[in-house]
Amino acid sequence: MTTQTDIPPAETGGARRSWLREHSELGVCVLLLALGVLVLTDALTMDVDIAQRGPVGPKTVPVVVGAGLLVIAALLALDVLRGGRGQAEGGEDIDLSEPADWRTVLLLAGVFLGATVLIEPLGFPIAGALLFWGAAFALGSRRTDRDPLIAAGLSLVTYTVFNNLLGVPLPGGPLMGVL
């Protein structure tokens with residue numbers, strides 16, 4: 001007759017889950033590694049005309065950034081595997097026992113997706129105003145008398161700064177002749 005203590009415990013994967021939970025920062029390392037590989041691949045496959053290059057070509061900064069991402073990923077992974085842990089923020093007033101506010105997250109995602117779809121036909125000033133107003137609404141502001149005006153002003157200032165001062169062309173939409 002065998003007793004419970006004679007039977008070896010079945011491997012349930014609990015030890016593996018525990019190890020992964022204790023080393024969850026490795027997920028950031030994987031993300032940095034993937035981003036570094038993506039940046040380096042994109043930079044090294046970039047077509048560059050020899051006549052357009054100066055002493056520092058257009059590949060230089062992406063190669064440096066990609067290599068930096070790979071080095072940081074490796075150093076962070078080494079630190080995590082040696083037992084290093086990130087410090088918990090003491091100043092945050094977030095109750096981690098409360099569930100996530102998925103309504104707000106989904107509203108913000110919808111607002112961003114809507115602005116992305118509307119930017120080409122309506123132009124940045126109108127799509128940006130809807131984006132700013134929708135984000136304010138999703139985050140809890142219910143001032144319908146002031147929020148649309150602030151959103152429109154912020155969108156126009158952003159459009160003017162990027163389009164006119166920085167030279168980054170944004171679609172103007174129906175307001176192209178007015179602005």
Review point. If we only count heavy atoms from C-beta on, is the Asn163 to Val168 side-chain gap below 4.5 Å?
Key: no

Give a yes or no on this: more than 12 heavy atoms of other residues, nucleotides or ligands lie within 6.0 Å of atom CZ of Arg82. no

Can you hop from Trp133 to Leu170 via hydrophobic side chains spaced under 4.5 Å?
no

Tightest non-hydrogen contact, residues Leu76 and Cys29, listed as CG-SG, 3.5 Å

Under 3.5 Å, which donor-acceptor pairs do the side chains of residues 101-128 form with other protein atoms, sequence neighbours left out?
residue: Asp101; atom: OD2; partner: Thr104; partner atom: OG1; Å: 2.5
residue: Thr116; atom: OG1; partner: Phe112; partner atom: O; Å: 2.8

In this structure, CD1 of Ile150 is separated from CZ of Phe132 (nearest 0.5 Å) by 12.0 Å

message: I'd like to know if Leu78 and Leu32 are part of one continuous hydrophobic network [Ile/Leu/Val/Met/Phe/Trp/Tyr, side-chain heavy atoms within less than 4.5 Å].
response: no

Taken to the nearest 0.5 Å, the spacing of Lys59 NZ from Thr45 OG1 works out to 8.0 Å

(Q) With clusters defined by side-chain heavy atoms of hydrophobic residues (ILVMFWY) lying less than 4.5 Å apart, directly or transitively, does Phe137 cluster with Leu131? (A) no

ask   = If you group Ile, Leu, Val, Met, Phe, Trp and Tyr by side-chain heavy-atom gaps below 4.5 Å, do Tyr159 and Val157 land in one group?
value = yes

Residues passing the side-chain hydrogen bond (donor to acceptor under 3.5 Å, both in side chains) test with Thr41, sequence neighbours excluded, are none

Heavy-atom donor-acceptor pair, Ser155 side chain to Ala151 backbone, under 3.5 Å: no

Distance col, row Leu33:CG vs Leu26:CG, nearest 0.5 angstrom, shows 11.5 Å

To the nearest 0.5 Å, atom CG of Leu149 lies from atom CG of Leu154 at 12.5 Å

Does one hydrophobic cluster hold both Ile72 and Val61, with members joined at side-chain heavy-atom distances below 4.5 Å?
-> yes

